[in-house]
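Below you'll find the structure, written out as structure tokens, and then a few comments.
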Amino acid sequence: ITDYSSIYLEGLLRDVPPVFIPYDQDSYERGMPLPYDQVTPGPKPASFAELLDALGQALEGASAFKAERDRVKQLYFEYQSGDATRRVISLLENEILKEGK
């Protein structure tokens with residue numbers, strides 16, 4: 001569950017269904033780099049009853065927003081294979097450590 005935090009993005013790599021609570025979106029003053037509704041792939045409940053329903057669906061796997069989660073994941077993550085450690089080591093070995101020699 002999040003409001004405007006980007007914490008949900010890491011969850012997209014594991015296909016964790018987020019639930020958004022933009023209760024004060026009209027008065028939110030920090031600004032957003034991208035249109036909120038285009039990069040928040042999940043329900044945005046407007047009442048407590050809707051929140052409970054959205055949480056229940058998320059806990060069951062929430063396939064309703066699966067295509068949207070995949071689309072947003074593609075926007076934010078070039079690499080999705082889980083090989084981050086290997087890529088960092090390769091970068092260190094091939095680029096950074098090579099420059100020091």
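Hydrogens, waters and symmetry mates are skipped; everything else that's a heavy atom, side chains included, is used.
- Applying the ring pair (Phe, Tyr, Trp, His ring centres under 6.0 Å) test to pairs two or more places apart or on separate chains, those with a residue in residues 5-24 are Y8-F20.
- Rounding to the nearest 0.5 Å gives a distance of 6.0 Å between CD1 of I21 and CD1 of I1.
- Looking at residues two or more places apart in sequence or on another chain, you find no side chain to side chain donor-acceptor pair (under 3.5 Å) involving T2.
- For D83, the salt bridge (Lys or Arg N to Asp or Glu O under 4.0 Å) test picks out R86, with sequence neighbours left out.
- For S47, the side chain to side chain contact (heavy atoms under 4.5 Å, CB included) partners two or more places apart in sequence, or in a different chain, are A49, E50.
- Remark: Y36 pairs with Y4 by the ring pair (Phe, Tyr, Trp, His ring centres under 6.0 Å) rule, at least two apart or across chains.
- Legend: residues meeting salt bridge (Lys or Arg N to Asp or Glu O under 4.0 Å) with R71, ordered by chain and number and at least two apart, are E68.
- Residues satisfying the side chain to side chain contact (heavy atoms under 4.5 Å, CB included) criterion with L9, sequence neighbours excluded, are S6, L12, V72, Y76, F77.
- Applying the salt bridge (charged side-chain N to carboxylate O under 4.0 Å, His left out) test to pairs two or more places apart or on separate chains, those with a residue in residues 9-21 are D15-K66, D15-R69.
- Q74 and D70 share no donor-acceptor pair across their side chains, judged by distance under 3.5 Å alone.
- Residues K44 and D37 are in side-chain contact: their nearest non-hydrogen atoms beyond the backbone lie under 4.5 Å apart.
- Residues D53 and P45 have side chains not in contact (no heavy-atom distance under 4.5 Å, counting atoms from C-beta outward).
- Through direct or relayed side-chain contacts under 4.5 Å between Ile, Leu, Val, Met, Phe, Trp and Tyr, V16 connects to no other residue.
- Residues forming a side chain to side chain donor-acceptor pair (under 3.5 Å) with D3 (at least two apart in sequence, or on another chain): none.
- In terms of heavy atoms, P43 sits closest to A54 at CG-CB, 3.7 Å.
- Evaluation of the side chain to side chain contact (heavy atoms under 4.5 Å, CB included) rule for F48 yields L51, L52 as partners, not counting sequence neighbours.
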